[in-house]
Amino acid sequence: MSDNWETVTTGDVKVGDRVRYRDFEFTVARIDPKFMGMDEMVCFIEDEPTRWFAYPAPLVAEVEVKRG
């Protein structure tokens, strides 16, 4: 079975999704809504043993999510 990447808006991303965004590929561990108090922003948090990183994004931006 091959993995498929689907383009969705950031508002459709869920915790646990494998995401490609801004040349990064990561698994979403947490999603912080209203990033920096802005209703139109979210922040995806990656929390792995080897790396922690935050990816702020507009709520309507397009990202790729691994499906399958």
Side-chain angles (χ1 to χ4, degrees):
M1 175 189 246
S2 67
D3 294 321
N4 295 316
W5 290 90
E6 178 182 321
T7 301
V8 300
T9 62
T10 54
D12 293 325
V13 175
K14 296 172 180 55
V15 170
D17 282 345
R18 187 77 182 163
V19 172
R20 279 196 276 201
Y21 178 64
R22 290 188 178 174
D23 297 326
F24 292 98
E25 185 176 318
F26 58 95
T27 300
V28 177
R30 188 175 82 229
I31 301 172
D32 291 345
K34 298 183 181 182
F35 179 67
M36 297 196 64
M38 294 180 277
D39 290 339
E40 65 278 358
M41 295 289 291
V42 296
C43 189
F44 299 126
I45 307 297
E46 173 188 27
D47 191 2
E48 299 290 336
T50 57
R51 179 170 71 173
W52 183 97
F53 205 81
Y55 305 86
L59 195 55
V60 296
E62 289 188 340
V63 298
E64 291 182 283
V65 176
K66 193 179 220 179
R67 303 283 189 216

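FYI, side chains are in, hydrogens and waters are out, and symmetry mates aren't considered; it's all heavy atoms of this structure. By convention here, the first residue in the shown sequence is residue 1. Nothing here was measured: the structure is a model prediction, and the numbers come from that model.
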For the student: nearest non-hydrogen atoms of I31 and V28, plus distance: CG1-CG1, 3.5 Å
Side-chain donor or acceptor of T9 paired with backbone N/O of V60 under 3.5 Å: no
Parallel, tilted or perpendicular: ring planes of F26 versus F44, cut at 30 and 60 degrees: tilted
Non-hydrogen side-chain atoms of E48 and T27 separated by less than 4.5 Å: yes
Minimum heavy-atom distance between K14 and D17, given as atom pair plus value: N-OD2, 2.8 Å
Nearest-0.5 Å distance, CG of residue N4 to CD of residue E64: 11.0 Å
NZ on K34 to CD on E40, rounded to 0.5 Å: 10.5 Å
Heavy-atom check, side chain of R20 versus side chain of W5, under 4.5 Å: yes
Heavy-atom pair of closest approach, residues Y21 and V63: CD1-CG1, 3.3 Å
Apart from I45 itself, residues in the same hydrophobic cluster as defined by side-chain heavy atoms under 4.5 Å: W52
Least distance between heavy atoms, V42 atom then P33 atom: CG1-CA, 4.4 Å
Closest heavy-atom pair and its distance - A29, V15: O-CG1, 3.5 Å
V8 to V13 - nearest heavy-atom pair and separation: CG2-CG2, 4.2 Å
Inter-residue atom distance T10.OG1 - M41.CE, 0.5 Å rounding: 8.5 Å
